[in-house]
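In what follows, a structure is listed as structure tokens, so that the remarks can point back to it.
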Amino acid sequence: MPVASDVSRRAFLGTGLGTGALAAKLPDSWGPLKGAPVIDAHDHMSHHSRSTWMEDDRKIIDAADRLGIDQLCCSILPPGRPARPESFRECNQMMSEAMKRFPGRILGYCFVNPGWTRDALEEIERCVGDRGFIGIKLYNDYQASEPVVFPVVELAIRLRVPILHHAGHTSWLQQSQPRISDGNHFSELAKRYPEAMIICAHIAGGGDWEWQVKALAGAPSVYLDTSGSVIDEGTVEMAARHLGVERLLFACDGSMTASVGRIRGAQLGETDKRKILSENMQRILGRRVG
Amino acid sequence: MIDVNAYLGHFAFRQLRHNTADGLLKLMDRAGIQRAVVSSAAAITYRNAQSGNEEVTAEVKGRGGRFIPFAVLNPAYAGWRDDLKTCHEQFDMKGVRLYPRWHNYKLSDGACRELVNAAAERGMTISIPLRVEDRRQQSWLVDVPDVDHEEIAVLIRAFPKARFILVSGSGYVNSPLGRQNNGLPANYAIDIALLSAVMASEIGRLLYNLGENRIVFGTGMPFHYPDPALLKVEVLEASPAVKVKILEQNALRWLGL
């Protein structure tokens, strides 16, 4: 597995410009991350309907190189939703190809629409069982606590892979995503399936993050990814205080400098940051069957 | 380093940490930021914004020049002319921050134009935060969109001798404000708080389109972590000389210091 350079790793723990100098004076010590791969638990490769998909994929790898991210757990979503089986199968085929283009660097989530139960389950079996995908990605086709999602969760439990679920809680703009899931939906799902590894997506890209953190406080089996474009000071610290650092997973979801900067700026100890950046997701990935 | 985009005081819809002068200074010291343009976060939702300016003045008193205070003025509210005079002459504020969406007026309104003209005649810089909070997370009480780029472009065109700093905005490269040869006077600078430095690299494209003298360092702290802005400069594909301009030299010029 490729390991990012020491210089780029400093992006996470250093205060390169904080010394009053430019990048040449980045601090030398970043001890806690030494040897530990930095894992982005939520990101995306481009759908091939975009004419620039290959260049876009290359750009995210370049950004990861510059920011010291070793592995990116990605999915590909179709441009038209809700996705039909042929559409999500096509996305996963593209994802499989991306995993081959960037071996060890890009890890794949299998995206399905749980409304197509049989097709979704077959696709997950194929992707996780045969193609080496590391988990399942669900979007906003259904709320996480709806019964239609349960067969997918049960299969994820059997395969011992995580489900990364799109999420958000907002007082506005709800009309555009009427079935988006929030912390309450995940809590309800977690009560029914406490052994499932559910990842609530992008705390910094899904609206009222304080609400989301509080809603997840009573669902100890649910993880929270730290991705998103919103760089509100204190987000990571509040999540750590209410949920515990063991439940936080570093992620970018396309917002690369915001997401790395958020972790770097968080007032947490280096041991805690190491868990968020690496160990927690390593532990999840290590549970996979086979 | 000079941060052109910082705040003091409470914000109505979210607790801010590090929002006192002492707290912000600690954050600045940790980040290596020597000076910061500050204005009242409370004045964004106060009916009478001048109360926020008074609070900021009291807070920064005796802080040895680390803070560069700006006045939040609402041209739709009574007494703004007196407030402008007080803020400039008594409070020694170097600029004005405008919140047309939060304060419910248009940049094209006559009173706003009169305020911009009066501030510019005093040599004050006009700062326009395009966003205070991401709209997705706003309280159920308010639904405040970002300031429209086109509306800003019209104002900028009307006051070619004024100095503007646009902060907490994004998407410039696809708007009149960020295009090359856009026909606008070069009387505005843009801060990097919400711009990308990798992938789409809006900072790099704006450096190319607008020139290296018009991009300035801004964090949005304590609303924001300062670290993303610092990191953007670190990973930006630009020469050390350009980075120094972004971090400090450009701000000195745009603030008239």
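Each chain gets a letter, A, B and so on, in the order its sequence line appears, and its residues count up from 1. Everything quoted here is computed from the prediction, not taken from an experiment.
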| said: Given B:Asp134, which partner from the list A:Val230, A:Ile231, A:Asp232 fulfils the side-chain contact (heavy atoms from CB on, under 4.5 Å) test? | reply: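 The passing option is A:Val230.
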| request: Write down the atom of B:Arg136, the atom of A:Ser229, and the distance for their closest heavy-atom approach. | output: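 Smallest interatomic distance, heavy atoms only, reads NH2-OG, 3.5 Å.
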Quick check for you: to the nearest 0.5 Å, what is the distance between [X] atom [atom1] and [Y] atom [atom2]?
| X | Y | atom1 | atom2 | value |
| --- | --- | --- | --- | --- |
| B:Arg17 | A:Gln267 | CZ | CD | 7.0 Å |
| B:Met199 | A:Arg66 | CE | CZ | 11.0 Å |
| A:Met256 | B:Lys232 | CE | NZ | 13.5 Å |
| A:Glu210 | B:Phe13 | CD | CZ | 12.5 Å |
| B:Gln138 | A:Thr170 | CD | OG1 | 8.5 Å |
| B:Arg135 | A:Trp172 | CZ | CH2 | 8.5 Å |

| query | Considering only heavy atoms, which portion of A:Trp209 lies under 4.5 Å from any heavy atom of chain B: side chain, backbone, both, or neither? | reply |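 Side chain of A:Trp209 only, per the 4.5 Å heavy-atom cut-off to chain B.
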[X] versus chain A, the contacting section by heavy-atom distance below 4.5 Å:
| X | answer |
| --- | --- |
| B:Ser201 | neither |
| B:Asp143 | both |
| B:Leu16 | neither |

| Out of A:Gly254, A:Ser255, A:Gly234, which one racks up the most heavy-atom pairs below 4.5 Å with chain B? | A:Gly234
| said: Looking at A:Lys59, I'd like to know if its NZ atom is crowded, meaning that more than 12 non-hydrogen atoms belonging to other residues, nucleotides or ligands lie closer than 6.0 Å. | reply: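 Check passes, neighbour count above 12.
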